[in-house]
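See structure below.
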Amino acid sequence: MIALIASDMDGTLLNEKMTVPPENAAAIKTAAQHGVKFIVATGRSYNEAKPLIEKVGIHTPIIAMNGAQVFDEDGQILNTVPIPKTTVKQIFLRLKANGLYFEVMTDHGTVSDSKVNRIENVAALLVDLKTTDSFKIAVSLASARLELMNINYVDSYQTLLTDSAVNILKVIAFSPKKQAVLAPIATELEQIGNLAITASSASNIEINHINAQKGAALASYAKSLNIPLTQVMAIGDNLNDASMLQTAHISFAMGNATPEIKQCARYLTDTNVNHGVAKAIQRVLQTKLS
C-alpha cells in the first residue's frame with residue numbers, strides 16, 4: 001500500500017492555467033482519508049509554491065528548488081543544500097560567456113539582473129507549458145505574474161558572491177533556442193563537478209548542488225517518517241523529476257512528459273490538462289500496483 005505520494009507542480013499538478021484543478025485537489029484529499037501522505041516536489045521556491053497549494057485547501061510539506069530546501073507542513077525548514085560560492089562564481093562566468101540570461105534563487109528570494117529578460121523568459125515558459133499559444137499573450141501574463149512575486153533586482157550578481165549572509169540554492173538559465181543551445185552548455189557546466197543539472201522545460205536548465213535533487217530529498221523525507229521507498233509514489237513530467245521517479249517504487253510520468261521521463265517512469269497517466277495526477281492517485285488507491 002502506498003503511504004506517501006510526491007508530485008511535481010508545473011506540467012504535473014498544475015494545469016495550463018497554472019492552478020491546481022479541483023480533481024487533483026480532491027484526489028489528494030481522498031488519499032489523505034486513506035492515510036496516504038502527500039508532498040510537493042518542485043523547482044519553484046517555497047514562496048512561489050505555497051499559495052497555489054493552499055488556495056485549494058491542501059496543507060503539505062514542500063520540497064523546493066529541486067531539493068535545495070525542504071519545508072514541513074508549517075513552513076519550517078527541514079534541510080538546506082546550497083551551492084558553494086566558489087562553484088557559483090564558475091557557473092556565473094560560464095553562463096555569461098555563453099551570453100545566457102539567468103536567475104539566482106537564494107534563501108533570501110529570487111534575484112534577477114534584468115526585468116525585461118525575466119518577463120520574456122517567463123513568457124516562453126508559459127508557452128512551453130501550453131498556458132497559451134500566443135507569445136504576446138504570454139508576455140502579458142508574465143508581466144502580471146511578476147506583480148505578484150517578490151523578485152529582487154540587482155545591477156550585478158557579484159553582490160551575491162560577496163554577501164556571506166546569502167546562500168545560493170539554484171541557478172536557472174534560459175534560451176529561446178532551447179536545448180540546441182542549452183544542452184552543450186549543460187555538458188560544459190557538468191565539468192565543474194558536484195552539480196545536478198536538469199530542466200523543467202525545453203527552454204531552461206536548472207543548476208543545483210549534486211545533493212540537492214528531488215529524489216534525495218524525497219528519500220530523506222520518507223525515512224524521517226519511517227516510510228520505506230516501496231511505499232512511495234512519485235509523479236512528474238520533466239528532467240528535474242527523474243531522480244524522484246527513480247527513487248520511488250511506484251512512478252508515474254504525465255501524458256505530457258518528455259520522452260526521457262516516460263521511459264524513466266514505471267507507469268503513464270493522463271496529461272496535466274486532463275488532471276493526470278488525480279487519475280494516477282485514483283489508480284493506486286483502487287489497484288494493487290507492484
Exam field: side chain [X] to backbone [Y], donor-acceptor pair closer than 3.5 Å:
X    : Y    : value
T159 : S156 : yes
N15  : K17  : yes
N194 : I210 : no
H34  : V36  : no
N24  : A278 : yes
K262 : G255 : yes
K85  : I168 : no

How close do [X] and [Y] get, counting heavy atoms only, and between which atoms?
X    : Y    : value
V277 : S7   : CG2-OG, 3.9 Å
K214 : I63  : O-CD1, 4.3 Å
I172 : N204 : CD1-ND2, 3.7 Å
I39  : P61  : CG1-O, 3.4 Å
N208 : A212 : CB-O, 3.5 Å
D113 : F102 : OD1-O, 4.4 Å

Flag the pair [X] / [Y] as yes when at least one side-chain heavy-atom distance between them is below 4.5 Å, and no otherwise.
X    : Y    : answer
I250 : I2   : yes
V284 : Y267 : no
Y157 : L161 : no
T30  : L285 : yes
L100 : L182 : yes
L169 : Q69  : yes
D10  : E48  : no
L95  : I207 : yes

inquiry  = Do S200 and E206 pair up side chain to side chain, a donor and an acceptor below 3.5 Å, judged on atom types alone?
reply    = yes
Would a single hydrophobic cluster contain both [Y] and [X], if residues Ile, Leu, Val, Met, Phe, Trp and Tyr are joined by side-chain heavy-atom contacts under 4.5 Å?
X    : Y    : result
V111 : I205 : yes
I91  : V181 : yes
V171 : I192 : yes
L13  : L245 : no
M1   : I281 : yes

query = Given Y221 and N79, is the side-chain contact (heavy atoms from CB on, under 4.5 Å) satisfied, shown in steps?
reply = CA-CA 10 Å; Y221 184 74; N79 192 35; over 6 Å; no
To the nearest 0.5 Å, how far apart are [atom1] in [X] and [atom2] in [Y]?
X    : Y    : atom1 : atom2 : value
Q191 : R94  : CD    : CZ    : 6.0 Å
K170 : M65  : NZ    : CE    : 8.0 Å
L189 : I197 : CG    : CD1   : 4.5 Å
Q246 : C264 : CD    : SG    : 4.0 Å
T198 : N66  : OG1   : CG    : 4.5 Å
M233 : H249 : CE    : NE2   : 12.5 Å

key: With sequence neighbours excluded, residues passing salt bridge (Lys or Arg N to Asp or Glu O under 4.0 Å) with D270   = K279
ask   = Mind checking what makes salt bridge (Lys or Arg N to Asp or Glu O under 4.0 Å) contact with D163, not counting sequence neighbours?
value = none
inquiry  = Run M254 and D8 through side-chain contact (heavy atoms from CB on, under 4.5 Å) and show every step you take.
reply    = CA-CA 10 Å; M254 299 297 293; D8 170 52; over 6 Å; no
inquiry  = Quick one, T258 with N238, criterion side-chain contact (heavy atoms from CB on, under 4.5 Å). Give me CA distance, side-chain angles, the key distance, then yes/no.
reply    = CA-CA 6 Å; T258 65; N238 221 309; 3.5 Å; yes
query = Yes or no on side-chain contact (heavy atoms from CB on, under 4.5 Å) for K55 and V20, after CA distance, side-chain angles and deciding distance?
reply = CA-CA 8 Å; K55 188 175 182 179; V20 180; over 6 Å; no
